[in-house]
Amino acid sequence: MAIVSPNFCAPYPIELGIVRKVMTITDGNFTVTDANGNLLFKVKEPLLSLSDKRVLLDASDNPILTLRENRVSLHDRWQVFSGKSTSQSDLVYTLKRSSMIQIMKPKLDIFLAQNKEMKVCDFHVKGSWIDRSCVVYTGKSDVIVAQMHKKHTAQSILIGKSNFSVTVYPNVDFAFIVSLIVILDDINKEDSED
């Protein structure tokens, strides 16, 4: 199921390693690798900017998706666009919290661009970000398309990195799943600051 591109789908499960640097002064704090350690994606975040936008880049620094938060929404609404665009004609999906009040375990609904009425979600996410244990499902079903697992080591804690892995099921767009993880991380940071 290609959401971003068929190039990001594989007929077998994909294991992604995600490293999030906790303290960083560079313009990106996520790197995503495959099971062999090859860089697949990185995330460019604004430094000291009023922009609430992140760009998912491939290993060659080509923009894949732009993730933009809507600050005036009560449901943590995000819109995700193709490439570096923020034009509605390039909208890939919209993500929002299932309800305004959620404690510790966010429930997120994802609506693909063609789902304009947004009455029934195309995907949903449940789990505990703190435990790095989240699951992505299709629609409102129990059909799993990806799972996140914690991978903390003593070294990662000492050097200010958070390591976790994501298993993306066969024929599921792994660029789409990575973009969800980046948004989940941002929502979690906001929740912990409140």
Side-chain angles (χ1 to χ4, degrees), residues 1-20 30-43 54 56 58 64-65 67 75-80 82 91-115 117-153 156 162-191:
M1 93 187 51
I3 308 297
V4 178
S5 167
N7 296 338
F8 300 119
C9 297
Y12 48 84
I14 299 280
E15 193 72 27
L16 301 175
I18 300 180
V19 175
R20 180 184 171 277
F30 272 97
T31 56
V32 180
T33 59
D34 65 13
N36 297 320
N38 300 312
L39 180 67
L40 297 177
F41 302 106
K42 51 191 166 184
V43 177
R54 282 118 186 86
L56 180 66
D58 68 11
I64 305 301
L65 294 171
L67 295 65
H75 284 86
D76 278 323
R77 184 180 299 258
W78 285 75
Q79 291 185 309
V80 178
S82 288
L91 181 68
V92 176
Y93 70 88
T94 300
L95 175 146
K96 66 177 191 163
R97 284 187 194 252
S98 303
S99 66
M100 288 187 301
I101 300 170
Q102 296 181 2
I103 301 170
M104 303 300 282
K105 294 190 179 193
K107 291 179 183 158
L108 307 172
D109 291 335
I110 297 99
F111 303 91
L112 298 179
Q114 55 273 31
N115 185 350
E117 291 188 23
M118 293 200 264
K119 290 188 177 173
V120 177
C121 65
D122 296 293
F123 296 90
H124 73 280
V125 179
K126 287 188 203 172
S128 168
W129 179 256
I130 291 169
D131 295 334
R132 297 296 193 263
S133 174
C134 293
V135 180
V136 182
Y137 303 90
T138 59
K140 284 290 186 188
S141 75
D142 290 329
V143 177
I144 297 172
V145 295
Q147 289 185 287
M148 183 170 61
H149 319 276
K150 189 191 300 195
K151 244 173 60 174
H152 280 306
T153 63
S156 70
S162 175
N163 295 329
F164 49 97
S165 64
V166 177
T167 303
V168 182
Y169 285 47
N171 302 309
V172 175
D173 191 317
F174 53 91
F176 166 67
I177 299 299
V178 169
S179 68
L180 293 177
I181 301 294
V182 173
I183 293 170
L184 269 167
D185 180 69
D186 197 271
I187 289 172
N188 181 65
K189 280 193 290 191
E190 289 174 4
D191 286 352

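Here the structure is a predicted model, which is why all the values come from computation and not from measurement.
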* Check: D34 side chain, N36 main-chain N or O, donor-acceptor pair, under 3.5 Å -> yes
Decide yes or no for R54 and I183: does some side-chain heavy atom of the first lie under 4.5 Å from some side-chain heavy atom of the second?
no
dist L65:CG -> S5:OG (nearest 0.5 Å) comes out at 10.0 Å
To the nearest 0.5 Å, atom CD of Q79 lies from atom OG1 of T94 at 4.5 Å
Smallest heavy-atom separation, N7 atom then F174 atom, equals O-CZ, 4.4 Å
One should read off an interatomic distance between I110 CD1 and W78 CH2, to the nearest 0.5 angstrom, of 13.5 Å
May I have the step-by-step check of side-chain contact (heavy atoms from CB on, under 4.5 Å) for M1 and V145, ending in yes or no?
CA-CA 10 Å; M1 93 187 51; V145 295; 4.1 Å; yes
In this structure, CG of L180 is separated from OH of Y93 (nearest 0.5 Å) by 4.0 Å
For C9 and N171 the tightest heavy-atom approach is SG-O, 4.2 Å
Interatomic distance, CZ@F8 vs CG@L40, rounded to 0.5 Å, equals 9.0 Å
Nearest heavy-atom approach of L67 to S179 is CD2-O, 3.5 Å
What one should report as the nearest heavy-atom pair of D173 and F176 is OD1-N, 3.1 Å
### Task
Compare all side-chain heavy atoms of V43 with those of L56 and state whether any distance is below 4.5 angstrom.
yes
Requested in this report: Could you check if a side-chain atom of F41 sits within less than 4.5 angstrom of a side-chain atom of L16, using non-hydrogen atoms only?
Outcome: no
Compare all side-chain heavy atoms of I181 with those of V32 and state whether any distance is below 4.5 angstrom. no
Please tabulate, one pair per line, all N/O donor-acceptor pairs under 3.5 Å involving side-chain atoms of residues 117-125, not counting sequence neighbours.
{"unit_1": "D122", "atom_1": "OD2", "unit_2": "L112", "atom_2": "N", "d": "2.7"}
{"unit_1": "D122", "atom_1": "OD2", "unit_2": "N115", "atom_2": "ND2", "d": "3.1"}
{"unit_1": "H124", "atom_1": "ND1", "unit_2": "G139", "atom_2": "O", "d": "2.4"}

Checklist entry - Going through the distances and angles, do K126 and V135 end up as a side-chain contact (heavy atoms from CB on, under 4.5 Å)? => result CA-CA 6 Å; K126 287 188 203 172; V135 180; 5.6 Å; no
Value for CG (L95) from CG (L108), rounded to nearest 0.5 Å, stands at 5.0 Å
>> For the backbone of Y137 and the side chain of D142, can you confirm whether one donor and one acceptor N or O come within less than 3.5 Å of each other?
In response: no
